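Bear in mind the structure is a predicted one, so any value in this text is a computation, not a measurement.
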Amino acid sequence: MGNDDIPTLPAAIPVLERELAEYAEASPTVPLVPIYPKEGAAYADYPFAVLRAPWVDDVRRQAAAALLAHLQNPESRQAYAAAGFRDSGHATRDTGLINPDRGFRVTVTGRERTASAQALTQMLGVWGVLQRSNNALLLLDVSGSMNDPVPGTNQTRLQLIQKAAIAGAGLLNNGTVIGLWAFATDLTPTTDYVELVALGPAGGNLGGVPAGRRSRVRCRACAPLATPASTTRSARPTTRCRRRGSRTRRTCSW
């Protein structure tokens, strides 16, 4: 991304302060600066809680208490500040990362913005949809035209659809039934498609590997079959083999 891309970027995006500070610390090509809304800010808290469960015995409670004491000691608080976290008063005593010279505020004032009951209900509804098991058969077009470059990018159609398939497979929960097919005219002597990964639970074992089907889908999406109409196979990302124990597994770089 260069300076020519700046006019096409959104004017503002929500982001955690410390993540923006880490980005600014790296002297990026496209600089971003913080804006603190006058209506108030929402805070990402990290509460500490000990579960009330039958398996939480005295030994575990003592271990949890020792961990909490360690997290609250001065050395730990100093480490939090150095990493860009604020204290309970929304202030920071370490300006190495939360640097005022880059637009960050040492102290944030104003009321704290909290989610409404309606917003929380909507979020829980969306979360339920994301966690719902589905049946997903991913289809990859591997015809020759997929090697054509996409205007405005340095990638082909195939490369972009491969990235979408890889990202999409990673969003599916373990209960989703997933599979992968490639299709094109006369892909095989008898069909216009070929099954690359058979349908099955994304989180199930495949070849003795936990969640192996999701990994296999992501890997095979990197390198679908070339078709008779294709004149080049350079459109696909690179693949390599990794030996782990007594098995040789194919892994992908994307």
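Closest non-hydrogen pair, L138 versus A165, comes out as CD1-O, 4.1 Å. Counting all heavy atoms, side chain and backbone alike, A182 lies closest to L187 at O-CD2, 3.3 Å. The minimum heavy-atom distance linking G89 with D87 is given by the pair N-OD1, 2.9 Å. The heavy-atom pair separating N147 from T156 by the smallest distance is O-CG2, 3.4 Å. In terms of heavy atoms, A24 sits closest to P28 at O-CD, 3.8 Å. Smallest separation of non-hydrogen atoms from I98 and A21: CD1-CB, 3.9 Å.
No more than 12 heavy atoms of other residues, nucleotides or ligands lie within 6.0 Å of CD in Q78, so this atom counts as exposed by the packing criterion. Open room surrounds CD on Q122; 12 or fewer heavy atoms of other groups in view lie less than 6.0 Å from it. Heavy-atom contacts from other residues, nucleotides or ligands closer than 6.0 Å to CZ of R93 number 12 or fewer. Residue E39 qualifies as enclosed at atom CD: its count of foreign heavy atoms under 6.0 Å is above 12.
Side-chain heavy atoms closer than 4.5 Å link hydrophobic residues (I, L, V, M, F, W, Y) into clusters, and following such links, even through other members, never connects V108 to Y80. The hydrophobic clustering, which links ILVMFWY residues whose side-chain heavy atoms are closer than 4.5 Å, places M123 and L16 apart. With hydrophobic clusters built from ILVMFWY side chains whose heavy atoms lie under 4.5 angstrom apart, L158 does not share a cluster with L160. Note: the hydrophobic cluster containing L97 does not contain L32 (ILVMFWY, side chain heavy atoms under 4.5 Å, direct or indirect links). In terms of hydrophobic clustering, with Ile, Leu, Val, Met, Phe, Trp and Tyr side chains grouped at heavy-atom distances under 4.5 Å, F85 and F104 are assigned to different clusters.
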* Between L71 and F48, is a side-chain contact (heavy atoms from CB on, under 4.5 Å) present by the stated rule, with each step listed? -> CA-CA 10 Å; L71 295 175; F48 185 97; 4.0 Å; yes

* **R102/N99 under side-chain contact (heavy atoms from CB on, under 4.5 Å): CA gap, chis, key distance, verdict** => CA-CA 6 Å; R102 300 192 184 104; N99 192 333; 3.6 Å; yes

* To do: Verify side-chain contact (heavy atoms from CB on, under 4.5 Å) between Q155 and V150, making sure each step is shown before the conclusion.
  => CA-CA 6 Å; Q155 296 178 307; V150 176; 5.8 Å; no

* What do the steps show when you test L199 against I178 for side-chain contact (heavy atoms from CB on, under 4.5 Å), and what is the final call? -> CA-CA 5 Å; L199 284 167; I178 185 175; 5.8 Å; no

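Note that CD of Q162 and CE of M146 are 8.0 Å apart. Values are rounded to the nearest 0.5 Å. Taking CG of L180 as the start and CG of L137 as the end, the distance is 8.0 Å to the nearest 0.5 Å.
Annotation: ring pair (Phe, Tyr, Trp, His ring centres under 6.0 Å) contacts of Y36 (sequence neighbours excluded): none.
For S76 and N73, the side-chain atoms include at least one donor-acceptor pair closer than 3.5 Å. The closest side-chain donor-acceptor pair between S143 and D141 falls under 3.5 angstrom.
Contact of the E75 side chain with the H70 side chain is not registered, since no non-hydrogen atoms from C-beta on lie closer than 4.5 Å. Within the 4.5 Å cutoff, no side-chain heavy atoms of L140 are placed close to those of F183.
Between Y43 and H90, the ring planes lie parallel to each other; the angle is under 30°, not in the 30° to 60° tilted range.
Within the 3.5 Å criterion, the main-chain N or O of P100 finds no donor-acceptor partner in the side chain of R105.
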Distance-only check: which donor-acceptor pairs under 3.5 Å involve side-chain atoms of residues 49-57, not counting sequence neighbours?
unit_1	atom_1	unit_2	atom_2	d
D57	OD1	V59	N	3.3
D57	OD1	R60	N	2.9
D57	OD2	R60	NH1	3.2

